Amino acid sequence: MQKELSIDIKFDQCHIWHPYTSTITPLPCYPVTEARGVYITLEDGTQLIDGMSSWWSAIHGYNHPHLTAAAKNQLDKMAHVMFGGITHQPAVELCKKLVSITPPGLDTVFLADSGSVAVEVALKMALQYWHAKGESRAKFLTLRHGYHGDTFAAMSVTDPDNSMHSLYKGFVPEHIFANAPQCGFWEEWNEDDINDLADKLAQYHQQIAAIILEPIVQGAGGMRLYHPTYLRRVRELCDYYGVLLIADEIATGFGRTGKLFACEHANISPDIMCVGKALTGGYMTLSATITHKQVADTVCSGDAGCFMHGPTFMGNPLACAVATANLEILEQNQWQQKVTSIEKQLATELPLIATLEKVKQVRWLGAIGVIELHQPVDMASIQQAFVNAGVWIRPFGRLIYIMPPYIITPTQLSCLTQAIYKILNT
Ligand SMILES: *Cc1c(COP(=O)(O)O)cnc(C)c1O
């Protein structure tokens with residue numbers, strides 16, 4: 001007997017926008033009914049090994065008992081209460097943990113709704129900081145190939161080509177872009193790599209409120225893994241010129257690169273740090289912008305007398321409770337060993353893929369594996385091929401990349417790399 005499909009795919013195609021999709025030529029979406037551990041289950045019962053962690057977020061796998069229990073437990077008390085004039089245990093407990101695990105000096109937390117909003121908040125903090133100091137600094141310095149989100153300010157510091165600045169010209173503020181670092185994470189450091197950023201800083205530092213960058217891993221803008229010394233030099237230059245440093249750890253935070261935060265690869269502490277994505281282990285949207293008390297106090301010493309931001313769902317108790325549970329798992333489950341063994345396995349298995357004709361380069365760091373091709377993939381056909389192979393991998397452009405949940409087993413990880421090999425070898 002044919003099982004009746006209940007998800008109305010036709011309605012979806014005609015009426016629902018998915019990320020970066022056309023309503024004229026929508027690509028088919030795969031109907032998912034369940035996700036558990038490292039498996040995503042399609043409506044027809046097909047089980048896929050997840051290679052994406054739902055865009056960096058589901059680090060402990062789906063439907064984790066500890067996270068689900070935390071959500072249910074909090075739901076019985078209150079799903080939400082306003083954060084203006086009210087505080088609650090889930091927020092206090094989460095912020096205590098965040099202050100204790102983030103790089104030294106970051107001790108003042110602003111809870112926001114999504115990664116992009118955390119970036120907006122960081123940029124606003126930097127602007128208010130200089131305003132309070134009586135200096136007019138309205139420019140940000142950032143890197144080509146960066147990605148910081150899809151809202152307008154976040155987009156303005158995202159790679160101008162990738163985020164189509166030309167489409168919104170006249171509306172998106174124009175900031176200063178330095179060449180992206182060329183030295184790979186595992187390569188020998190070349191001091192020339194920092195020249196362009198150093199030159200731009202020397203020239204424009206009096207107008208620059210902050211440098212914003214993704215530490216070590218440039219994610220959606222190209223999956224580029226750069227040298228820790230680059231980041232160390234940026235910190236030194238920021239100190240020298242008195243410019244704030246904003247580290248966008250939204251993709252890299254919570255262990256993904258082999259350190260709890262990617263800044264630790266360079267042993268630096270930013271002035272402002274954004275986290276999101278894996279913060280709730282992939283359960284719900286929540287982000288945080290964390291800064292030093294001295295920066296926060298300066299912000300609040302200005303004309304406004306406070307930081308001018310306050311989203312409706314700020315500090316959502318349900319999200320905070322799940323985030324706290326997520327950090328508890330990180331504390332207890334030896335994520336570092338898991339990520340290190342994933343890294344070792346990628347180092348063994350990706351070089352074989354690099355021998356294929358279609359492949360330009362492979363690279364890896366922590367629980368991130370990247371295969372860069374010479375030509376862009378055909379999304380519809382490659383997506384189907386991956387599903388047929390029993391894996392969920394979603395490439396973009398010339399990049400096939402995996403960032404599986406840390407709980408993935410060696411056998412499951414091999415299924416991912418073998419599927420990529422097989423499909424690229426046709
Ligand atoms: C995903 C991402 C963002 C945006 O986060 P959203 O939750 O999608 O708004 C910002 N910065 C980086 C580095 C990201 O990877």
Side-chain angles (χ1 to χ4, degrees), residues 17-21 52-59 102 110-126 140 142-160 162-164 172 175 177 180-181 210-226 231 234 245-257 259-263 265 270 272-290 309 311-314 316 319 322-323 326 365-368 370 394-397 399 401-403:
W17 249 312
H18 287 263
Y20 288 93
T21 50
M52 304 304 293
S53 300
S54 284
W55 284 334
W56 315 85
S57 64
I59 53 176
T102 47
F110 188 99
L111 294 168
D113 321 340
S114 70
S116 300
V117 174
V119 169
E120 300 282 327
V121 162
L123 299 176
K124 284 174 75 172
M125 274 180 191
F140 291 95
T142 186
L143 305 180
R144 290 196 176 273
H145 291 291
Y147 177 78
H148 297 286
D150 289 352
T151 53
F152 273 104
M155 204 167 44
S156 75
V157 288
T158 287
D159 189 272
N162 280 337
S163 63
M164 304 277 171
V172 176
H175 295 301
F177 288 85
I211 292 183
I212 178 166
L213 50 70
E214 298 154 277
I216 306 298
V217 179
Q218 293 191 290
M223 298 300 293
R224 302 164 50 101
L225 318 169
Y226 66 85
L231 187 55
V234 174
L245 176 58
I246 302 170
D248 179 348
E249 291 253 12
I250 291 165
T252 49
F254 308 109
R256 179 57 66 180
T257 68
K259 302 277 187 190
L260 198 51
F261 296 99
C263 282
H265 287 288
I272 302 174
M273 185 166 114
C274 303
V275 294
K277 288 199 164 97
L279 177 56
T280 64
Y283 266 55
M284 44 218 306
T285 178
L286 182 71
S287 66
T289 307
I290 313 166
H309 206 92
T312 306
F313 284 95
M314 184 167 180
N316 175 251
V322 176
N326 175 52
L365 176 67
I368 307 168
V370 185
R394 186 154 175 89
F396 67 80
L399 297 167
Y401 59 103
I402 51 176
M403 45 221 190

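Counting starts at 1 for both ligands and their atoms, in listed order. Bear in mind the structure is a predicted one, so any value in this text is a computation, not a measurement.
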Would you call Glu249 and Pro270 a side-chain contact if the rule is heavy atoms closer than 4.5 Å?
no
Sub-4.5 Å side-chain heavy-atom contact between Leu231 and Tyr226:
yes
Nearest 0.5 Å, what's the OG1-CD1 distance between Thr289 and Ile250?
7.5 Å
Please determine, by modelled atom types, if Thr257 and His265 share a side-chain donor-acceptor pair under 3.5 angstrom.
yes
Within the structure provided, determine whether Pro160 and Arg144 are in side-chain contact (heavy-atom separation under 4.5 Å).
yes
Atom-level proximity to ligand 1, residues with heavy atom under 4.0 Å
Ser114, Gly115, Ser116, Tyr147, His148, Gly149, Glu214, Asp248, Ile250, Ala251, Lys277
pair Phe110-Ile290: side-chain heavy atoms closer than 4.5 Å
no
